[in-house]
Protein chains: 2
Amino acid sequence: MTDEYAKMNRTLRSAHVEDQMLDYLLRNCKPGDKLPSEFSLAEQFHTSRSTIREVMKSLAAQGMVEIRHGSGTYVISTSASAPDPLHLSGHKDKYRLALELFDVRLMLEPEIAAMAAELRTDRQAAELKRYCDETEDLYLRDEDHMDKDIEFHTCIARCSGNTVVQALIPVIQSAISTFCNVTQRKLKNETIQTHRWITNAIINRDPIGARCAMTAHLAFNRDMIQEMIRERGEV
Amino acid sequence: MTDEYAKMNRTLRSAHVEDQMLDYLLRNCKPGDKLPSEFSLAEQFHTSRSTIREVMKSLAAQGMVEIRHGSGTYVISTSASAPDPLHLSGHKDKYRLALELFDVRLMLEPEIAAMAAELRTDRQAAELKRYCDETEDLYLRDEDHMDKDIEFHTCIARCSGNTVVQALIPVIQSAISTFCNVTQRKLKNETIQTHRWITNAIINRDPIGARCAMTAHLAFNRDMIQEMIRERGEV
DNA sequence: TTACGAAATGCATCTGACGTATGGTATGCA
DNA sequence: TGCATACCATACGTCAGATGCATTTCGTAA
């Protein structure tokens with residue numbers, strides 16, 4: 001065992017591997033993909049099969065993967081978001097819920113973006129950039145890019161290093177995506193632009209710029225919902 | 001291996017054990033209970049330690065139990081609806097988690113307090129005042145007032161009128177109270193004072209004052225945790 | 001009484017082995 | 001040729017034992 005893990009005895013090895021594995025799933029996999037065998041994953045992550053198995057058990061319990069005896073391990077979901085742990089979907093008024101979600105996001109995400117700008121790794125910066133490109137690609141082909149949007153904001157949360165935020169953002173995001181499904185709303189080109197704006201600020205290690213960009217992004221979208229509510233009220 | 005499990009080779013042994021374990025938890029345990037060691041659980045369930053470990057990993061991922069290295073395995077929740085929907089208590093480093101929780105609270109609660117100051121009803125104002133009195137009472141009698149603290153902040157969230165916030169604050173609060181149980185931390189008199197400060201600002205419909213008071217309250221407590229981490233690091 | 005350190009307890013991880021389910025391939029018969 | 005069966009490689013499931021590391025407990029000494 002002479003890998004770079006030895007240094008960081010702060011965290012448990014399995015937790016470390018689980019983080020890496022999640023990262024790997026989010027980055028390289030889509031639902032239905034078959035993962036390498038436990039043995040080769042063990043080699044790949046410089047650990048033993050037992051550890052891989054425990055990590056997989058944990059991921060399976062979270063609904064991320066499915067383990068089929070004699071066959072292999074398969075990816076179920078590539079978004080880290082649990083269905084609805086806060087029971088938000090039981091809300092009466094979808095529009096008002098969406099507005100409230102954006103109010104909460106406006107409290108959290110500008111600050112998170114600022115933290116991300118300070119703490120991001122180069123690898124994470126590249127990841128953000130890739131999300132921008134992919135989202136734009138989906139937009140141009142007029143395909144649904146809601147999942148990519150969730151991943152983008154989740155990635156920023158990951159950059160911040162705050163684990164509470166990392167748990168929170170996907171939940172809020174997926175609640176919003178539910179709203180979008182309900183209202184058939186198509187995201188505008190503006191989203192692509194501000195995503196790039198945010199990404200550039202984070203890449204340039206500009207916390208204030210990142211905070212501003214994120215605020216603008218959220219404020220713009222909040223206003224769109226406000227507008228929709230007004231229209232609905234009049235009609 | 002001559003137990004009755006041999007017959008039912010339809011299902012996997014670990015799944016069987018997990019069911020039994022869940023049953024055991026729901027039936028005989030309450031949150032905070034310490035489970036027997038992995039070794040003795042293995043004996044009890046007529047299986048090996050590896051299998052027990054995989055089951056526990058799975059339960060931990062579901063937020064049912066928490067595994068503490070060197071200490072033991074503890075029951076987090078005994079109901080299907082976990083009071084820890086974000087799996088925060090499974091965090092490795094309690095102190096860092098507490099710090100991160102306060103970082104999130106500092107993003108949310110000052111703004112929530114400001115909203116509460118604008119939107120509170122008279123009845124809610126009275127309720128806040130009553131919480132202050134009751135908390136002070138418990139403090140003077142040197143009894144635990146953590147629950148009252150949770151109710152206080154939850155009440156402010158309710159005043160804000162934002163349902164997402166109302167769902168979120170209790171989750172964050174109870175995660176912090178877990179931390180307090182771990183560290184035996186006693187809240188200081190300062191808490192009583194700033195709770196009153198916050199309450200008065202909300203009663204006087206002073207959003208800016210409420211925001212300031214809440215910020216000061218949280219910043220003070222965050223600093224206490226920072227201090228504890230420093231002490232621990234040196235010792 | 002307090003502080004320090006050693007022993008005991010218990011989780012974390014590794015190794016190696018064998019059981020069992022699955023899926024593909026080769027064989028043989030029609 | 002086409003299909004059914006047998007076989008085998010792959011991969012997950014489980015077990016046993018050993019060692020490392022973290023936490024807790026407790027006895028001893030200052």
Side-chain angles (χ1 to χ4, degrees), chain A residues 1-3 5-21 33-61 65-76, chain B residues 1-21 32-61 65-76 90-96 181-184 231-235:
Chain A
M1 274 321 125
T2 54
D3 53 62
Y5 169 77
K7 306 172 200 165
M8 34 190 315
N9 53 8
R10 283 288 168 213
T11 58
L12 263 27
R13 182 176 214 111
S14 65
H16 186 228
V17 171
E18 185 165 338
D19 285 346
Q20 282 186 289
M21 189 72 73
D33 283 1
K34 180 175 178 177
L35 293 178
S37 75
E38 295 174 346
F39 181 78
S40 70
L41 282 174
E43 284 189 325
Q44 204 170 316
F45 286 90
H46 305 292
T47 182
S48 70
R49 204 186 137 211
S50 335
T51 302
I52 293 291
R53 275 193 62 74
E54 294 189 1
V55 167
M56 285 310 181
K57 271 279 182 177
S58 177
L59 292 177
V65 302
E66 180 191 349
I67 308 175
R68 292 185 209 154
H69 188 176
S71 174
T73 304
Y74 300 82
V75 179
I76 296 291
Chain B
M1 273 319 127
T2 54
D3 52 62
E4 77 284 4
Y5 170 76
K7 306 170 200 167
M8 35 190 313
N9 54 8
R10 283 293 166 210
T11 56
L12 295 176
R13 182 174 215 112
S14 65
H16 185 227
V17 172
E18 184 165 338
D19 285 346
Q20 283 187 288
M21 188 72 73
D33 282 2
K34 180 175 178 176
L35 293 177
S37 73
E38 294 176 346
F39 181 79
S40 70
L41 282 174
E43 285 188 324
Q44 202 170 317
F45 287 90
H46 304 292
T47 183
S48 71
R49 212 190 127 210
S50 328
T51 302
I52 293 291
R53 274 193 64 73
E54 293 189 2
V55 167
M56 284 311 181
K57 271 278 183 177
S58 178
L59 291 177
V65 303
E66 178 192 351
I67 307 174
R68 294 188 207 152
H69 189 174
S71 174
T73 304
Y74 299 82
V75 179
I76 296 291
H91 205 283
K92 289 69 66 181
D93 185 341
K94 292 295 166 201
Y95 287 83
R96 206 183 136 203
N181 288 339
V182 167
T183 60
Q184 317 290 337
E231 284 171 13
R232 190 188 54 158
E234 289 169 0
V235 173

Atom-pair distance ([atom1] on [X]; [atom2] on [N]), nearest Å:
| X | N | atom1 | atom2 | answer |
| --- | --- | --- | --- | --- |
| A:Y74 | D:dT10 | OH | P | 15 Å |
| B:E38 | C:dT9 | CD | P | 16 Å |
| A:E54 | D:dT14 | CD | P | 13 Å |
| B:F39 | C:dG10 | CZ | P | 11 Å |
| A:E43 | D:dT10 | CD | C1' | 15 Å |
| B:K34 | D:dT25 | NZ | P | 8 Å |
| B:H46 | D:dT14 | NE2 | P | 16 Å |
| B:M56 | C:dC11 | CE | P | 9 Å |

note = Distance col, row B:L59:CG vs B:T73:OG1, nearest 0.5 angstrom, shows 10.0 Å
task = Would you give the length of the straight line joining atom CD of B:E18 to atom NZ of A:K57, rounded to the nearest 0.5 angstrom?
result = 6.0 Å
I want to check one thing: is the phosphate of [N], taken as OP1 and OP2, less than 4.0 Å away from some side-chain N or O of [X]?
| X | N | answer |
| --- | --- | --- |
| B:S48 | D:dC15 | yes |
| B:S50 | D:dG13 | no |
| B:T47 | D:dC15 | yes |
| B:R68 | D:dA22 | no |
| B:T73 | C:dG10 | no |
| B:S14 | D:dT14 | yes |

inquiry  = Among residues at least two apart in sequence or on other chains, which ones pass salt bridge (Lys or Arg N to Asp or Glu O under 4.0 Å) with A:E38?
reply    = A:R49, A:R53
inquiry  = Under the rule for salt bridge (Lys or Arg N to Asp or Glu O under 4.0 Å), what residues qualify as partners of B:D19, not counting sequence neighbours?
reply    =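 Partners of B:D19 under the salt bridge (Lys or Arg N to Asp or Glu O under 4.0 Å) test: none.
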task = Work out which heavy atom in A:I67 is nearest to a heavy atom in A:A60; give both atom names and the distance.
result =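 Smallest interatomic distance, heavy atoms only, reads CD1-CB, 4.3 Å.
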task = Determine, step by step, whether A:V17 and A:E54 satisfy the side-chain contact (heavy atoms from CB on, under 4.5 Å) criterion, reporting the C-alpha distance in whole Å, the side-chain angles of both residues, the deciding distance to 0.1 Å, and the verdict.
result = CA-CA 10 Å; A:V17 171; A:E54 294 189 1; over 6 Å; no
request  = For the side chain of A:T51, starting at C-beta, report the closest nucleotide among C:dC14, D:dC15, C:dA12.
outcome  = C:dC14
All N/O contacts under 3.5 Å from nucleotides 17-20 of chain C to the protein, with atom names and distances to one decimal?
| unit_1 | atom_1 | unit_2 | atom_2 | d |
| --- | --- | --- | --- | --- |
| C:dT20 | O2 | A:H69 | NE2 | 3.4 |

ask   = Between the main-chain N or O of B:S71 and the side-chain N or O of B:K34, is there a donor-acceptor pair closer than 3.5 Å?
value = yes
message = Heavy-atom nearest nucleotide on DNA chain C for B:S71 versus A:S71: which residue maps closer to 5'?
response =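 Closest to the 5' end, via its nearest nucleotide, is B:S71.
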